[in-house]
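Counting starts at 1 for both ligands and their atoms, following the listed order.
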Amino acid sequence: MENLKYETKSIWDKADSKQQKIMHDYAKKYIKFISENKTERECVQAVYARLQEAGFGDDLKKDKYVAVLHNKSLFAVRKGKKNLSEGFRLVTAHCDSPRLDFKQHPLLESVGIAQAKTHYYGGILKYQWLARPLALHGVVVKKDGEAVNIVIGEKASDPVFTISDLLPHLAKEHVAQTVTKAFEAEKLNLVIGHIPFPKKGKEKLESPIKLQVLKLLNKKYGIVEEDLLSAEIQVVPAGDARFVGLDQGLVGGYGQDDRICVFTALDAFLEVEKPEYTTAIMLWDKEEIGSEGTTGASSRFLEYCMQDVISAWAPKATMRQVMLAGKALSADVHAAIDPDWQELHEKLNSSTIGYGPTICKFTGSGGKYGANDAHPEYIAWLRNVFAEKEIPWQMAALGKVDHGGGGTVALFLAVYGMNTIDIGPSLIGMHSPFELSSVADIYYTKEAYKAFYGA
Ligand code: MN
Ligand code: MN
């Protein structure tokens, strides 16, 4: 009678010490990856370097092809044994994460402090970004086209930046406000300098602290204030990701949504060297702000790449035929039940951290609006793929129905008619500057994508 009931189980209950070591060692590599790559550009560059090392290039006459768009999105494909006209296995993930972006006129000074004004990118709880060390990552493109990469705040010898927060002594009225009212975007100003530019004699200088900041930027990067008009400077949490807990069973760090899927999908893609079907990985930008823009999932980039690949590898096949025969995983993170906010989750249909990658049949919100809603036939096929490789996984939906929701890129894949479903590890504190993932989920997410690529 045991088989009548279904129950998800913790991976840890079944993992012996040898298995735990394998998972721990894998998490170490992951920690390095997310510590070193905190923007979509850095992420795409790192992935491209690994693909190049593995023999991928821009020649479609060969079996391993990679294309990058605007340094922010990437497509790579590997020829399978079967003809492309019979379909493909595609995993997509996104490289962008919530953060604070410099405004185009960022610099100002008052009351002894120079600040940089920001505009937040993606869904954040503003108070999570206050009173903590922050780093700058970005690119400044000069008028002559030269791109200057900027990273300040990651090395131990670097200074960091911060957004100051109110002292409790003066917070009497502030604490009585609602969170939405209490934290204003225009107060998310980054402390960037304090020492004024040295003046000569009785010379009167306007904004001397800002001037000194500009002088230091000029000395280090050869840029002037006007160059910030053509710049993308991102403010992200400073420092490395870390193991969390005495048992080191969790990973804490910034940008795990969705670089945890980027990292695991890339490994899976590279590890399946002789796939039955053509395999592909697509890394998007702009997912956190609705997938718009030239490098977002609603752009035509994937389609252009597929057209090129079809012309080279299956010239007799039509785009329609190939796309309809494709199978895709929308690799993105899910919300794990937070031990302190259990009342917001409907437990029977929620993801538990450490119980394996989470499949989400539909995302969206109240009434399934904005959902892809994967077909049961496809879910059944995946169940079988995972069962054969003994991959632990769980099925969940995001939070209680009336409490919100969220979307992924699944619907942008679904427009082509290919089978598509969301699957990825669940996080505690998603979108916070220090998200938590399970060492066990990281490993088995990679194994799940690998099983999919090999199926
Ligand atoms: Mn995501
Ligand atoms: Mn997100």
Original post:
Is any N, O or S atom of Asp332 under 2.8 Å away from the Mn ion (ligand 1)?
Top reply: yes
Original post:
Aromatic ring centroids of Phe386 and Tyr444 under 6.0 Å?
Top reply: no
Subject >> Charged tip of Arg78 within 45° of Phe269 ring normal and under 6.0 Å >> reply: yes
Subject >> Flag if over 12 foreign heavy atoms under 6.0 Å of CD, Glu343 >> reply: yes
**OP:** Please note down the angle at the Mn ion (ligand 2) between NE2 of His431 and OE1 of Glu288, to the nearest 10°.
**Re:** 80°
Original post:
Taking side chain as C-beta onward, heavy atoms only, is Tyr449 less than 4.5 Å from Ile423?
Top reply: yes
Original post:
About how large, to 10 degrees, is the angle NE2 of His94, then the Mn ion (ligand 1), then OD1 of Asp257?
Top reply: 90°
